[in-house]
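Only one structure is covered here, and it is reproduced in the block below.
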Amino acid sequence: MGKELLFTLSKDNGDFIVQPFKGSGKGGQKRNKTMSACRIIHQASGAVSECQEERSFEQNRKKAFERLVEKPLFKTWHRFEVARQMGYMDEIEAKVEADMKNIRVEIRHNERWIDEAEVQGDE
């Protein structure tokens, strides 16, 4: 079975914000004057990555993208986006709803843990 392209991400489509900035640390005047560091923001997931180790902006941008796709926030967004594109979101939402029914809520009140039912009974 072959692979299928579900969606693409692109800076041109506004999926990412790429921000050059001046690096800090060792490197002297050249480092302080050039915009060689790179910060990448993926707006949909809220993931942010940056790199300023290399001398060139292109190398820093490549490393920043590599770091971004490894961020847990981006990976979670990616999993949900794949599920949505493949039509599995209804199944996921149904499972979450079913699991939410089995959650027990406890609240700390007057220095002791109490059930949600006790709080509702006090009202």
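Every value quoted in this text rests on a predicted model; they were computed, and no experiment measured them.
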Is the closest basic N to carboxylate O distance between E66 and K63 below 4.0 Å?
no
Check V69 against F74 and note the closest heavy-atom contact, atom names and distance.
CA-CD2, 3.6 Å
Residues A64 and S49: closest non-hydrogen pair is O-OG, 2.9 Å
Is there a side-chain contact between [X] and [Y] in this structure, where contact means two heavy atoms from C-beta onward sitting under 4.5 Å apart?
X: S36; Y: Q52; result: no
X: V18; Y: F57; result: yes
X: E93; Y: D90; result: yes
X: E91; Y: K95; result: no
X: K33; Y: K22; result: no

Heavy atoms from other residues, nucleotides or ligands near OH of Y88 exceed 12 (cutoff 6.0 Å)
no
Kindly compute the distance separating CZ (F21) from OG1 (T34), expressed to the nearest 0.5 Å.
11.5 Å
Can I get a per-line list of side-chain donor-acceptor pairs under 3.5 Å for residues 37-45, giving both atom names and the distance, sequence neighbours left out?
residue: R39; atom: NE; partner: E50; partner atom: OE1; Å: 3.0
residue: R39; atom: NH1; partner: Q19; partner atom: OE1; Å: 3.2
residue: R39; atom: NH2; partner: E50; partner atom: OE1; Å: 3.4
residue: H42; atom: ND1; partner: S45; partner atom: N; Å: 3.3
residue: H42; atom: ND1; partner: S45; partner atom: OG; Å: 2.7
residue: S45; atom: OG; partner: A47; partner atom: N; Å: 3.2

Would the F80 and W77 ring centres measure less than 6.0 Å apart?
no
Is it true that V82 and L68 fall in one hydrophobic cluster, defined by side-chain heavy atoms closer than 4.5 Å?
yes
Between R61 and E58, is a salt bridge (charged side-chain N to carboxylate O under 4.0 Å, His left out) present by the stated rule, with each step listed?
CA-CA 5 Å; R61 183 179 62 189; E58 287 75 23; 5.4 Å; no
